[in-house]
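Here is the structure we will look at, set down as structure tokens.
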Number of protein chains: 2
Amino acid sequence: MQSRPYHHGDLRAALLVRAEETLREKGPGALSLRELARDLGVSHAAPSRHFKDKQALLDALALAGFDRLGAGLTAACGAAGDSFAEQLGALARGYVGFATANVVLLDLMYAVKHDPAASEALIAAGQRWAELAIGLIAEGQRRGEVREGPLELIGTPVFATLHGYASLAVGGMLPPEAVATGLDDVITYMLRGCAPDRP
Amino acid sequence: MQSRPYHHGDLRAALLVRAEETLREKGPGALSLRELARDLGVSHAAPSRHFKDKQALLDALALAGFDRLGAGLTAACGAAGDSFAEQLGALARGYVGFATANVVLLDLMYAVKHDPAASEALIAAGQRWAELAIGLIAEGQRRGEVREGPLELIGTPVFATLHGYASLAVGGMLPPEAVATGLDDVITYMLRGCAPDRP
DNA sequence: ACCTGAACACCGTTCAAGT
DNA sequence: ACCTGAACACCGTTCAAGT
């Protein structure tokens with residue numbers, strides 16, 4: 001009876017995996033719960049046991065995306081040198097790298113939500129990685145490489161620059177061949193914005 | 001025979017108007033061509049005469065959004081003082097203002113496209129307003145208020161910061177009450193990033 | 001030219017019923 | 001607990017036909 005070859009209470013995980021594949025291959029909006037069920041060899045009503053909604057599945061996907069992003073950024077910063085410039089560079093390259101490697105997923109992660117209840121968890125997830133950037137800035141201040149002041153006063157603009165560059169790049173608003181080289185310029189611009197007032 | 005009260009060859013315009021209303025009231029994805037047609041009192045097949053696709057309607061909406069954004073920003077900068085700081089401030093407030101007043105539309109304007117042919121016009125429209133920022137920087141350089149260098153080298157980071165801040169704010173990733181006050185900090189951060197190297 | 005009506009092939013969601 | 005099968009109310013798109 002190996003007729004159910006794949007999911008033994010793991011239909012939930014299988015749905016998430018397959019959903020992300022479909023998203024990557026065929027774009028958003030081409031994702032259908034019924035097709036997902038077909039691909040996995042279950043009835044079209046089966047997914048509703050694991051996700052009450054199509055939106056619930058998308059939210060779970062986005063949440064997993066934030067987890068992977070956080071892990072990737074932590075690793076990238078850990079592998080970089082101690083100076084603020086090196087740390088910020090690693091963060092920036094990590095973020096833009098994740099964005100270009102997970103175009104549709106990033107869109108999903110920051111998608112405008114209309115159900116405020118469901119989006120709370122996503123906002124929290126988003127702020128978790130923002131705290132990574134905040135910590136980096138605090139350390140930079142301790143080293144005297146970052147200007148004084150409240151952490152978000154400098155963290156928010158940096159966060160905005162990074163996220164903005166990533167979404168412009170991913171959306172095709174920047175000449176694609178210039179994305180990698182332009183990032184270096186963005187990094188030095190951010191460093192100027194963070195630098196202490198006077199030498 | 002006033003039974004067709006509204007559209008006389010203007011079904012196209014009426015569709016766009018109603019679509020944007022629906023988008024604003026009920027969010028994206030709640031937009032259905034059939035419901036649009038119902039609202040306007042035409043058959044469900046009528047819209048296809050004016051937009052070959054649902055996507056085509058969305059693209060037209062996004063394009064109109066860029067036009068309004070460009071007009072608004074031009075006006076805002078025209079009404080501001082001549083100094084680079086005042087011009088950049090006006091641009092920033094104008095952009096974030098448009099974003100918060102047109103949340104779903106902004107999402108649409110920068111949505112990741114998969115049909116590269118259709119998105120070309122949108123990218124061009126996006127770059128048109130970017131050129132406004134570029135011109136502003138060129139003038140700032142002439143005045144000695146902006147560091148020397150290729151225009152996009154300084155323009156792209158500014159563009160990224162602005163767009164990133166707007167999308168974070170709109171997506172609820174920033175505490176909503178801090179959006180307006182935080183913008184001032186972002187503006188001074190951008191000015192630092194643009195400032196000439198040494199006094 | 002512009003629109004209608006019917007038809008086709010899909011959806012998401014729900015719910016009794018099975019195991 | 002987990003899944004099935006049928007049913008419901010909707011979609012987008014196409015296409016002959018009307019005016």
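Because the structure is a prediction, the values reported are computed rather than measured. Chain naming here is simple, since letters A, B, ... match the order of the sequence lines and numbering starts at 1 in each.
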Next item on the list: Quick one: label R38(B) by what it contacts on the DNA or RNA (base, sugar-phosphate, nothing), any heavy atom closer than 4.0 Å.
Entry: sugar-phosphate
Item checked: Any donor-acceptor N/O pair, R147(A) side chain to A195(A) backbone, under 3.5 Å -> yes
Checklist line | Salt bridge present between K26(B) and E21(B) (N-O < 4.0 angstrom) | finding: no
Item checked: Between dC2(C) (P) and D10(B) (CG): distance, integer Å -> 11 Å
Check: Should the ring pair Y110(B) and H163(B) be called parallel, tilted or perpendicular, given that the plane angle runs from 0 to 90° and is split at 30 and 60?
Finding: tilted
Next item on the list: With pairs defined as Watson-Crick or G-U wobble and both distances under 3.5 angstrom, please note down DNA chain D as a dot-bracket string, | for pairing with another strand.
Entry: ||.|||||...|||||.||
Check: Under a 4.0 Å N-O cut-off, is there an ion pair linking D184(B) with R93(B)?
Finding: yes
Notebook entry, point to check: Are any of S32(B)'s side-chain N or O atoms less than 4.0 Å away from OP1 or OP2 of dC11(D)?
Noted result: yes
Next item on the list: Find the distance D39(A):CG to dC11(C):P and express it as a whole number of Å.
Entry: 10 Å
Tabulated below should be each protein N or O lying under 3.5 Å from an N or O of nucleotides 13-19 of chain C; please produce it.
residue	atom	partner	partner atom	Å
dT13(C)	OP1	D53(A)	OD1	2.7
dT13(C)	OP2	K54(A)	N	3.2
dT13(C)	O4	R34(A)	NH1	3.3

Item checked: Salt bridge R128(A)-E131(A), side-chain N to carboxylate O under 4.0 Å -> no
Item checked: Protein-nucleotide distance (L40(B), atom CG; dC3(C), atom P), rounded to Å -> 10 Å
Next item on the list: Not counting sequence neighbours, which residues clear ring-ring contact (aromatic ring centres under 6.0 Å, His included) with F84(B)? List them please.
Entry: none
